[in-house]
Amino acid sequence: MPSIANADPETDARFMAAAIALARRHLGATQPNPSVGAIVVAPGPVPHVLGRGVTAPGGRPHAEPQALAQAGAAARGATIYSTLEPCSHIGKTPPCVDAIIRAGIARVVVAVLDPDPRVAGRGCRFLREAGVDVSTGVMTAAAEEGLAGFLTHRRLGRPHLTLKLAVSPDGAIGRAGEANVAVTGAAARAAVHAMRAESDAVMVGIGTALADDPRLDVRLDGVIDRKPLRVVIDAEARLPLASRLVRTAPEHPVWVIAGGGAPSARMRALRDAGVHVIEAARDDAGRVSLADALRLLGLYGVMSVLCEGGTELAAALLAHDLVDRVALFEGAIPLGAGAIAAPPSLANRGAGLRERFLLVGARAHGPDRLSTFERRHRDKG
Ligand SMILES: NC(=O)c1ccc[n+]([C@@H]2O[C@H](COP(=O)([O-])OP(=O)(O)OC[C@H]3O[C@@H](n4cnc5c(N)ncnc54)[C@H](OP(=O)(O)O)[C@@H]3O)[C@@H](O)[C@H]2O)c1
């Protein structure tokens with residue numbers, strides 16, 4: 001058996017951190033696969049990188065074969081760091097474990113075990129059976145952050161949901177009868193566009209679509225190829241044909257999630273305009289069942305959703321415990337008279353979230369502040 005190099009915790013953490021950063025590059029672009037980072041490192045007293053790979057846009061090829069191809073013959077006896085357990089099933093590409101064994105890799109370091117029942121520990125087992133040294137659990141929490149969409153999708157059968165709202169110091173998210181009221185400044189808006197770029201889908205309620213006529217696209221310098229699915233929760237299929245969303249649907253997909261039995265003429269008109277309309281179950285109040293809407297998105301392979309409001313949809317998602325992360329932007333300027341109140345749990349710096357959510361980060365974006373909350377515990381299924 002080849003000698004195992006680089007097996008010290010500090011070196012492992014350093015190269016795994018690099019693989020995690022690499023994976024981040026294609027976050028939001030690899031659906032239906034997760035964005036994985038892989039790095040092949042040469043053995044020896046001064047370990048150095050021989051090859052890097054990140055899941056390609058569209059999900060193929062996977063990270064590991066790309067990193068191995070870059071390393072070439074030098075991969076023999078080397079270590080590969082992978083943010084996710086290498087796959088062992090034949091999907092559209094041959095399994096990564098085979099490529100790793102064929103390349104003569106001596107050691108595999110994994111951050112997160114794959115909960116997909118087709119892999120679920122088998123990847124590591126096959127590698128060990130082939131005489132490859134395998135270490136797991138390296139930088140797991142950091143890697144899970146980038147894999148959150150994939151992990152939630154596999155564990156709960158629905159996308160990971162981030163709720164983003166901007167709230168003024170007087171607890172408002174907008175002003176009645178006024179479109180696109182700016183609650184935060186340019187730096188916070190750029191941060192939201194970056195969040196969109198890393199999401200499979202961006203979602204709003206029909207109230208926001210009617211009030212603001214948003215585009216929900218990614219407008220970020222240097223980013224041209226990100227088109228997250230745009231989703232409107234719209235029980236009666238009221239989204240206007242003249243809206244920006246419908247007018248741009250042929251080149252940037254828009255899905256309306258209507259309630260079962262929504263007016264067929266409206267659904268037909270939206271479909272004729274290029275909108276994908278799906279019908280979800282209704283809740284007891286006759287609204288779209290949000291659990292069913294997310295289940296349907298999950299069935300279509302959507303792994304992460306950024307919900308951008310408004311108040312009613314945000315409050316309903318929180319009430320039904322369907323929110324995994326909250327990105328709460330707090331603006332610096334009060335909105336004053338005519339303000340539309342944020343959901344109560346988001347007022348006072350998210351004080352009402354504290355029971356179910358943990359504050360995991362706070363940072364400034366220009367004059368505004370972003371607080372990030374993560375769901376405390378969930379049955380991982
Ligand atoms: N500051 C911010 O971050 C921010 C972000 C977004 C929006 N806004 C502001 O928020 C305002 C719009 O908020 P909003 O509360 O009126 O509208 P909303 O939350 O965007 O949409 C609410 C509508 O969604 C539909 N819906 C369907 N199923 C639902 C369910 N299960 N739960 C909740 N809603 C469901 C309902 O209409 P149907 O029953 O007809 O489907 C409901 O009236 C605008 O003024 C906008 O400018 C602010």
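Indexing begins at 1, ligand by ligand and atom by atom, following the structure's order. Because the structure is predicted, anything quoted here is derived from the model rather than measured.
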Practice task
Consider every N or O of Gly174 and every N or O of ligand 1, then say whether any pair is closer than 3.5 Å.
Solution key: no
Practice task
Please determine, by modelled atom types, if Arg107 and Ser135 share a side-chain donor-acceptor pair under 3.5 angstrom.
Solution key: yes
Practice task
Considering heavy atoms of the protein only, find what lies nearest to atom 9 (C) of ligand 1 and give residue, atom and distance to 0.1 Å.
Solution key: Ile173 CD1, 3.7 Å
Practice task
Looking only at distances, please establish whether an N/O atom of ligand 1 is found under 3.5 Å from an N/O atom of Glu236.
Solution key: no
Exercise for the section: Give a yes/no verdict on whether any heavy atom in Lys164 is under 4.0 Å from an atom of ligand 1. Expected result: yes
Handout entry: Heavy atom of Leu165, distance to ligand 1 below 4.0 Å
Key = yes
Practice task
Taking only Lys NZ, Arg NE, NH1 and NH2, and the carboxylate oxygens of Asp or Glu, determine whether Arg158 and Asp324 approach each other closer than 4.0 Å.
Solution key: yes
Practice task
Please determine if Val288 has a nitrogen or oxygen closer than 3.5 Å to a nitrogen or oxygen of ligand 1.
Solution key: yes
Handout entry: Nitrogen or oxygen of Ile340 less than 3.5 angstrom from that of ligand 1
Key = no
Exercise for the section: Just jot down the ligand 1 atoms closer than 4.0 angstrom to any heavy atom of Asp234, in number order. Expected result: 41 (O)
Exercise for the section: Answer yes if the side chains of Asn33 and Thr30 hold a donor-acceptor pair under 3.5 Å, and no otherwise. Expected result: no
Problem - Carboxylate-amine/guanidinium contact Glu198 Arg24, below 4.0 Å - result: yes
Practice task
Taking atom CZ of Arg52 as the centre, report whether more than 12 heavy atoms of other residues, nucleotides or ligands fall under 6.0 Å from it.
Solution key: no
Exercise for the section: Can you label the angle between the His276 ring and the Trp255 ring as parallel, tilted or perpendicular, going by 30° and 60°? Expected result: tilted
Practice task
Give, for atom CZ of Arg356 and atom CG of Asp321, the distance between the pair rounded to the nearest 0.5 Å.
Solution key: 4.5 Å
Practice task
Before signing off on this row, confirm whether Thr208 and ligand 1 have an N or O atom pair separated by under 3.5 Å.
Solution key: yes
Fill in the blank from the handout: Looking at Asp283, Val167, Ile206, the heavy atom closest to atom 23 (C) of ligand 1 belongs to Ile206
Handout entry: Arg376 side chain vs Arg354 backbone, donor-acceptor pair below 3.5 Å
Key = yes
Handout entry: Heteroatom distance test (Leu313, ligand 1): nitrogen or oxygen, under 3.5 angstrom
Key = yes
Exercise for the section: Would you mind running through ligand 1 and noting each atom that sits below 4.0 Å from a heavy atom of Gly309? Expected result: 6 (C), 20 (O)
Handout entry: Atoms in ligand 1 flagged as close to Ala211, the criterion being non-hydrogen separation under 4.0 Å
Key = 44 (C)
Fill in the blank from the handout: The atoms of ligand 1 lying under 4.0 Å from a heavy atom of Ala235, numbered in the order shown, are 38 (P), 39 (O), 41 (O)
Practice task
Using distance alone, determine whether Arg238 and ligand 1 share an N or O pair under 3.5 Å.
Solution key: yes
Practice task
Do me a favour and list the nearest non-hydrogen protein atom to atom 27 (C) of ligand 1 with residue, atom name and distance?
Solution key: Ile233 CG2, 3.5 Å
Practice task
With atom 30 (C) of ligand 1 as the reference point, say which of Glu312, His320, Glu308, Arg287 has the nearest heavy atom.
Solution key: Arg287
Problem - NZ/NE/NH1/NH2 to OD/OE distance under 4.0 Å, Arg215 and Glu251 - result: no
Fill in the blank from the handout: atom 14 (P) of ligand 1: of Asp212, Thr184, Thr311, the nearest heavy atom sits on Thr311
Problem - Side-chain ion pair, Arg14 and Glu10, N-O less than 4.0 Å - result: no
Fill in the blank from the handout: closest protein heavy atom to atom 21 (O) of ligand 1 is Gly207 N, 3.1 Å
Practice task
Consider only side-chain N and O atoms of Thr248 and Arg230, and report whether a donor and an acceptor are under 3.5 Å apart.
Solution key: yes
Problem - Residue portion contacting ligand 1 (non-hydrogen atoms closer than 4.0 Å) for Ala316 - result: side chain
Exercise for the section: Let me know which of Arg154, His153, Arg155 forms a side chain to side chain donor-acceptor pair (under 3.5 Å) with Asp116. Expected result: Arg154
Problem - For Leu290, atoms of ligand 1 separated by under 4.0 Å from a heavy atom - result: 31 (N)
